[in-house]
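Shown next, in structure tokens, is the structure this report addresses.
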Number of protein chains: 2
Amino acid sequence: MNIGQAAQASGVSAKMIRYYESIGLIPKTVRTEAGYRVYSDRDVHTLRFIRRARDLGFSVEQIADLVSLWQDRERASKDVKAIALEHVTVLERKIRELQEMASTLTHLARNCHGDTRPHCPIIEELANDEAGHLHVKPDAKFGALGKAPVR
Amino acid sequence: MNIGQAAQASGVSAKMIRYYESIGLIPKTVRTEAGYRVYSDRDVHTLRFIRRARDLGFSVEQIADLVSLWQDRERASKDVKAIALEHVTVLERKIRELQEMASTLTHLARNCHGDTRPHCPIIEELANDEAGHLHVKPDAKFGALGKAPVR
DNA sequence: ACTTGACCTTCCCATCATTGGAAGGACTAA
DNA sequence: TTAGTCCTTCCAATGATGGGAAGGTCAAGT
């Protein structure tokens with residue numbers, strides 16, 4: 001199977017497969033004489049495992065751990081559980097931050113007429129020198145919405 | 001006021017002030033003969049406005065809009081409100097995604113003994129060829145947790 | 001006057017996951 | 001043979017930010 005077919009079958013783009021190989025998340029594949037990468041069903045299985053973990057928001061670093069645990073038949077389930085629960089903690093913190101942002105904005109928007117007049121509490125709050133702070137102080141983990149990498 | 005003092009007073013790092021200038025979010029400042037940037041209280045006020053908007057998760061692009069609306073005394077409040085509400089929509093979608101990730105993982109972890117035996121539903125779910133999909137399909141806006149840029 | 005140390009300048013690099021594209025080789029079907 | 005699709009590697013960009021180097025400037029203390 002060539003990389004394109006493996007990509008199709010696993011849901012991981014060919015670009016990302018090469019990238020995962022380059023960073024050592026997956027081992028280097030066998031090549032044809034012409035240099036084409038060749039994938040087995042087993043490789044596709046691994047790629048799907050990786051894609052699902054990405055869908056759950058695990059970082060590549062965490063996925064590397066999960067993959068090796070997956071392939072280790074002697075592993076303790078607590079090792080896997082620990083990674084999962086740690087990730088849940090991070091997810092929940094981020095959820096709280098976003099909820100605070102959303103509720104602050106919703107509150108401000110509710111008090112904004114939204115008409116053609118210039119008065120607007122949203123702008124006024126942002127410009128307010130007194131307040132000095134808003135409800136949310138994002139930690140150094142997640143940035144603005146709308147641009148970050150993905151999947 | 002030099003850039004360090006402006007940074008202190010506004011809560012925006014000197015690095016970011018120079019960056020914001022380079023991308024045109026804030027205008028080029030006056031310089032001393034030696035080339036030092038000089039800031040007024042008004043500039044600091046603008047920087048604080050920007051920092052608060054960042055704290056609420058607005059992208060630099062959105063902030064550029066907000067800043068120009070802020071400085072336009074004739075602007076209609078609906079223009080500001082529209083930006084805020086659009087952002088709230090994005091925030092809420094992201095919150096939902098993260099909640100689904102967290103609940104899927106929590107569910108799996110609850111069914112994992114977390115002992116020294118190898119049996120682990122978390123790994124099994126990730127490796128499951130049948131399921132083909134998990135609950136969450138992140139959109140192309142936000143990446144894995146734990147690494148993205150910020151504030 | 002000279003040194004020290006804190007500040008400033010610009011420039012480049014790294015992050016993280018991902019996409020895009022260019023240039024060129026390989027394969028397949030007509 | 002040729003067209004078209006696939007593959008290869010390499011380089012660049014994304015967004016917001018931090019880190020650091022190399023060098024200039026300033027203010028205070030000796």
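Here is how names work: the chains are called A, B, and so on, in the same order as the sequence lines, proteins then strands, and each is numbered from 1.
At the phosphate of D:dT8, OP1 or OP2 sits under 4.0 Å from a side-chain N or O atom of A:R37. Taking only side-chain nitrogens and oxygens, A:R18 never comes nearer than 4.0 Å to OP1 or OP2 of D:dC10. In this structure, B:S13 reaches the D:dG18 phosphate: one of its side-chain N or O atoms is under 4.0 Å from OP1 or OP2. Put simply, B:R31 has a side-chain N or O that comes within less than 4.0 Å of OP1 or OP2 on C:dT10.
Across C:dC11, C:dA17, D:dC10, the shortest atom-to-atom separation from the side chain of B:K15 is found for C:dC11. Checking D:dT8, D:dG18, C:dA17 against the side-chain heavy atoms of A:I3 singles out D:dT8 as nearest.
The CD-P distance, from B:E21 to C:dC11, rounds to 12 Å in whole Å. Atom-to-atom, OH of B:Y19 to C1' of D:dA16 comes out at 6 Å; the value is rounded to the nearest Å. Distance, A:R51 CZ to C:dA17 C1': 16 Å, rounded to whole Å. Protein atom CD1 of B:I63 is 10 Å distant from nucleotide atom C1' of D:dA16, rounded to whole Å. When rounded to the nearest whole Å, the span between CG of A:N2 and P of C:dG25 equals 19 Å. Between the CD atom of B:Q5 and the C1' atom of C:dC8 there is a distance of 11 Å, rounded to whole Å. Atom-to-atom, CD of A:Q8 to P of D:dC6 comes out at 10 Å; the value is rounded to the nearest Å. Atoms CD (B:E33) and P (C:dC8) sit 18 Å apart, rounded to a whole Å.
Taking both residues in full, the closest heavy atoms of B:L108 and B:P121 are given as CD2-O, 4.0 Å, listed atom of the first, atom of the second, then distance. Closest of all the heavy-atom pairs between B:V12 and B:L47 is CG2-O, 3.6 Å. Across all non-hydrogen atoms, the minimal contact from A:E21 to A:Y39 is OE1-OH, 4.1 Å.
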* Asked: A:D43 and A:T29: side chain to side chain donor-acceptor pair (under 3.5 Å), yes or no, with the steps?
  -> CA-CA 9 Å; A:D43 294 328; A:T29 60; over 6 Å; no
* Tell me, with the steps shown, if B:K94 and B:L98 meet side chain to side chain contact (heavy atoms under 4.5 Å, CB included). => CA-CA 6 Å; B:K94 194 63 209 172; B:L98 296 182; 3.9 Å; yes
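Between A:Y36 and A:M16, the residue anchored nearer the 5' end of DNA chain C, judged by the nucleotide with its closest heavy atom, is A:M16.
Using a 4.0 Å heavy-atom cutoff across all strands shown, B:T32 reaches no nucleic acid atom at all.
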